[in-house]
A.B. asks: 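Submitted below is the structure of interest, expressed as structure tokens.
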Amino acid sequence: MEEKWSSLDLEEMINKYVSKTRIFRNREVLRHSYTPPYLPHREVQIEELVRVLAPALRGETPSNVLVYGKTGTGKTVTVKFVTDELKRIADKKGLPMNVIYINCELVDTEYRVLARLVNSFYYETGFRVPMVGWPTDEVYSKLVEILDSKRRFVIIVLDEVDRLVKKSGDTILYSLSRINYELQHARVGVVGISNDLRFKDYLDARVLSSLGEEEIVFPPYDANQLADILTGRAKEAFYEGVLEPGVIPLCAALAAREHGDARRALDLLRVAGEIAEKEHSAKVTERHVRLAQERIEFDTIAEAILTLPIHSKLILHAVVILDEHDRLPANTGEVYAVYKDLCDYFSLDPLTQRRVSDLINELDTMGILNARVVSKGRYGRTKEIRLSLPSSKLRRIYMADKKLRELLAFELSKERRLIDWMS
DNA sequence: TGTCCACTGGAAGGGAGGGCTT
DNA sequence: AAGCCCTCCCTTCCAGTGGACA
């Protein structure tokens, strides 16, 4: 084996490896899952949170609290930071405390939240609730039973709780916020984290009175604050002198434009570093940041489109076809007609217009389409549908997917018929 | 001023697909 | 195997509607 390696190959390999590690000292620091030891510009919120939750350490019932702020304002990381610390201190004091973190984007029904809560005690009970199958109230009783099996403090963190409520209503919050009344030995505090500032509007007054006892608002970061955050992380993440001076301000400025999203700022910096690394460049430059910006935008949208269910893909493509025949904005009826043709071509049963109307709304929320309800008076009330990005970009994305590529064949064989239909 | 278009979007419910207990 | 239960995706039905037009 060894004799196959010439010293030249080896030297090249070593150089490659060396140059590969020259940019990043530790790129993990730039991921949003990373909890830094210090959170700049969140001192006020940290103190608020401590004030609300710390009573648990004195053996009192902690208040429930709602945490608001847009994405990337540091809500999750701050809550994790504080609860980790509480847990550490509680452990030191020999006080039994559990912190349970649930992201409601994935766990988005009452049943699943309860099941997840029960299952988080698996290590203690050796018991698991299946992800489906049980009556919901039985899971709840089981939870109460497990919680109350001994004296303890439990902090339940529900991240993206607005999603849960929009999808499944607020009964789960109601039961959780009242759960202390059913417990003899244990005490529960709920921390709800919401991206939606109008979240309270969705809540029943009874839930609001107990869950919204305390509120903490996380304002967006401005460009200077973002720059501070990035500077702190960059020290750890990059080797010295690797970043050109304009890089951090540019990342901060771009992210500040995006409602002060620290997550986006970190992504920009990390991806810029990765691009520089791939180019074997010795430095990360502003050009790399611009490339990173482009790539992140493209990747997000491409990912979303490629994972769409087939009918949504067909609907989207119907709009693309209409666009390429200069037929935008189109209304629901027109999109539906082309969509039905596409289904026909693929030998699929078309969905009803009602359902398609909902899927169009979904594509709109994802930012792929732009659908606005308008009234055309005599000619009815409908949606005005446009693409939110050029069809050429969509085509580039299609090429990455084998099945989607078939969509491109559609026009060739059906073009004449479509043109007939349109005139 | 009323009519009427082309839908919208809520409500209810079906049924397939998952999984439980007995 | 039978009898439940939950979720997801979808259909069916339908009252409601903003505004151009007669």
Side-chain angles (χ1 to χ4, degrees), chain A residues 102-122 125-146 158 160-161 163-176 198 201-202 204 304-305 307-316 318-319 322 327-344 346-366 368-386 403 421-422:
Chain A
I102 295 181
N103 186 331
C104 303
E105 192 190 353
L106 311 164
V107 185
D108 59 359
T109 65
E110 180 182 9
Y111 181 90
R112 285 189 195 165
V113 169
L114 290 171
R116 183 62 74 92
L117 288 172
V118 169
N119 291 344
S120 67
F121 289 96
Y122 176 70
T125 58
F127 177 84
R128 252 183 222 288
V129 176
M131 281 326 280
V132 283
W134 276 30
T136 305
D137 53 342
E138 227 163 288
V139 185
Y140 179 77
S141 313
K142 190 77 195 173
L143 176 65
V144 170
E145 180 196 320
I146 291 173
L158 298 174
E160 314 220 17
V161 68
R163 298 228 182 192
L164 173 67
V165 171
K166 276 178 208 160
K167 182 146 185 274
S168 317
D170 59 3
T171 44
I172 173 74
L173 293 184
Y174 184 69
S175 13
L176 282 184
R198 293 168 301 115
D201 302 347
Y202 301 102
D204 189 287
I305 288 173
T307 54
L308 241 31
I310 183 68
H311 285 285
S312 297
K313 280 176 181 159
L314 292 182
I315 292 163
L316 174 60
V319 183
L322 286 161
R327 285 278 174 157
L328 292 189
N331 59 35
T332 310
E334 286 160 350
V335 171
Y336 187 65
V338 179
Y339 157 80
K340 272 219 289 213
D341 257 11
L342 284 166
C343 284
D344 187 39
F346 282 96
S347 315
L348 283 166
D349 289 337
L351 303 175
T352 56
Q353 185 162 325
R354 176 70 187 83
R355 179 70 187 137
V356 168
S357 179
D358 276 346
L359 292 179
I360 289 172
N361 286 344
E362 269 175 38
L363 290 170
D364 175 84
T365 7
M366 293 170 74
I368 300 172
L369 289 183
N370 204 304
R372 200 161 56 95
V373 179
V374 291
S375 179
K376 295 186 193 299
R378 182 86 219 168
Y379 306 102
R381 201 163 164 267
T382 180
K383 289 193 183 80
E384 215 172 65
I385 300 157
R386 290 165 225 270
K403 274 198 175 160
W421 174 82
M422 287 192 187

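Note that these values count all heavy atoms, side chains included, but never hydrogens, waters or copies made by symmetry. Chain letters run A, B, ... following the sequence lines, proteins first and then strands; every chain starts at 1.
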A.B. asks: Report yes if the side chains of A/Lys383 and A/Val335 come closer than 4.5 Å at any heavy-atom pair, otherwise no.
C.D. replies: no
A.B. asks: Distance check: side-chain N/O of A/Thr352 vs OP1/OP2 of C/dC10, anything under 4.0 Å?
C.D. replies: no
A.B. asks: Start with the C-alpha distance between A/His311 and A/Cys343, add both sets of side-chain angles, then the distance that settles side chain to side chain contact (heavy atoms under 4.5 Å, CB included), and finish with yes or no.
C.D. replies: CA-CA 8 Å; A/His311 285 285; A/Cys343 284; 4.3 Å; yes
A.B. asks: A/Asp364 has an atom CG; how far is it from atom P of B/dG9, in whole Å?
C.D. replies: 10 Å
A.B. asks: Starting at the 5' end of DNA chain C and moving along, which residue's nearest nucleotide shows up first, A/Pro350 or A/Asp137?
C.D. replies: A/Asp137
A.B. asks: Side-chain N or O of A/Asn361 versus OP1/OP2 of B/dG9: is the shortest distance under 4.0 Å?
C.D. replies: yes
A.B. asks: Using a cut-off of strictly less than 4.0 Å between a heavy atom of the residue and any atom of DNA chain B, enumerate the qualifying residues of residues 378-386 of chain A by number.
C.D. replies: A/Arg378, A/Tyr379, A/Gly380, A/Arg381, A/Thr382, A/Lys383
A.B. asks: Check the phosphate of B/dC7 against A/Thr332, side-chain N and O only, distance under 4.0 Å to OP1 or OP2. Yes or no?
C.D. replies: no
A.B. asks: Base, sugar-phosphate, or nothing for A/Asp358, non-hydrogen atoms under 4.0 angstrom?
C.D. replies: nothing
A.B. asks: Round to a whole Å and report the spacing from CZ of A/Arg116 to C1' of C/dC6.
C.D. replies: 16 Å
A.B. asks: Counting only side-chain N and O atoms of A/Thr136, is one of them less than 4.0 Å from OP1 or OP2 of C/dC6?
C.D. replies: yes
A.B. asks: Less than 4.5 Å apart, any side-chain heavy atom of A/Ile315 and any of A/Leu351?
C.D. replies: no
A.B. asks: Is there a side-chain contact between A/Leu117 and A/Ile146 (heavy atoms, below 4.5 Å)?
C.D. replies: no
A.B. asks: Does a side-chain heavy-atom distance below 4.5 Å link A/Asn119 with A/Val129?
C.D. replies: yes
A.B. asks: Less than 4.5 Å apart, side chain to side chain, heavy atoms only: is that true for A/Ile360 and A/Tyr336?
C.D. replies: no
A.B. asks: In this structure, how many angstroms lie between the C1' atom of C/dC6 and the NZ atom of A/Lys142, rounded?
C.D. replies: 19 Å
A.B. asks: Closer than 4.0 angstrom, basic N to acidic O: yes or no for A/Lys340 and A/Asp344?
C.D. replies: no
A.B. asks: Using a cut-off of 4.0 Å on non-hydrogen atoms, how would the nucleic acid contact of A/Gln353 be classed: base, sugar-phosphate, or nothing?
C.D. replies: sugar-phosphate
A.B. asks: Taking the minimum atom-to-atom distance to the side chain of A/Ser375, which one of B/dG9, C/dC6, C/dG18 wins?
C.D. replies: C/dG18
A.B. asks: Could you check how far CD of A/Glu334 sits from P of B/dA6, rounded to whole Å?
C.D. replies: 11 Å
A.B. asks: Can you name the closest pair of heavy atoms from A/Phe127 and A/Trp134 and give their distance?
C.D. replies: CZ-CH2, 3.4 Å
A.B. asks: Could you state the atom-to-atom distance from NZ of A/Lys376 to C1' of B/dC7 in whole Å?
C.D. replies: 11 Å
A.B. asks: Pair up each side-chain donor or acceptor in residues 368-382 of chain A with any protein partner under 3.5 Å, not counting sequence neighbours, and list the distances.
C.D. replies:
residue  : atom : partner  : partner atom : Å
A/Arg372 : NH2  : A/Glu384 : OE1          : 3.0
A/Ser375 : OG   : A/Gly377 : N            : 3.4
A/Thr382 : OG1  : A/Thr332 : N            : 3.3
A/Thr382 : OG1  : A/Thr332 : OG1          : 3.4

A.B. asks: From CD of A/Glu138 over to P of C/dC6, roughly how many Å is that when rounded to an integer?
C.D. replies: 10 Å
A.B. asks: Tell me the interatomic distance from A/Ile172, atom CD1, to C/dC6, atom P, rounded to whole angstroms.
C.D. replies: 13 Å
A.B. asks: Once you round it to whole Å, what is the distance between P of C/dC9 and NE2 of A/His311?
C.D. replies: 12 Å
A.B. asks: Could you check if a side-chain atom of A/Tyr140 sits within less than 4.5 angstrom of a side-chain atom of A/Thr136, using non-hydrogen atoms only?
C.D. replies: no
A.B. asks: Taking protein heavy atoms under 4.0 Å as touching, what does nucleotides 10-22 of chain B look like 5' to 3' if B marks base contact, S marks sugar-phosphate-only contact and - marks none?
C.D. replies: B-------BBS--
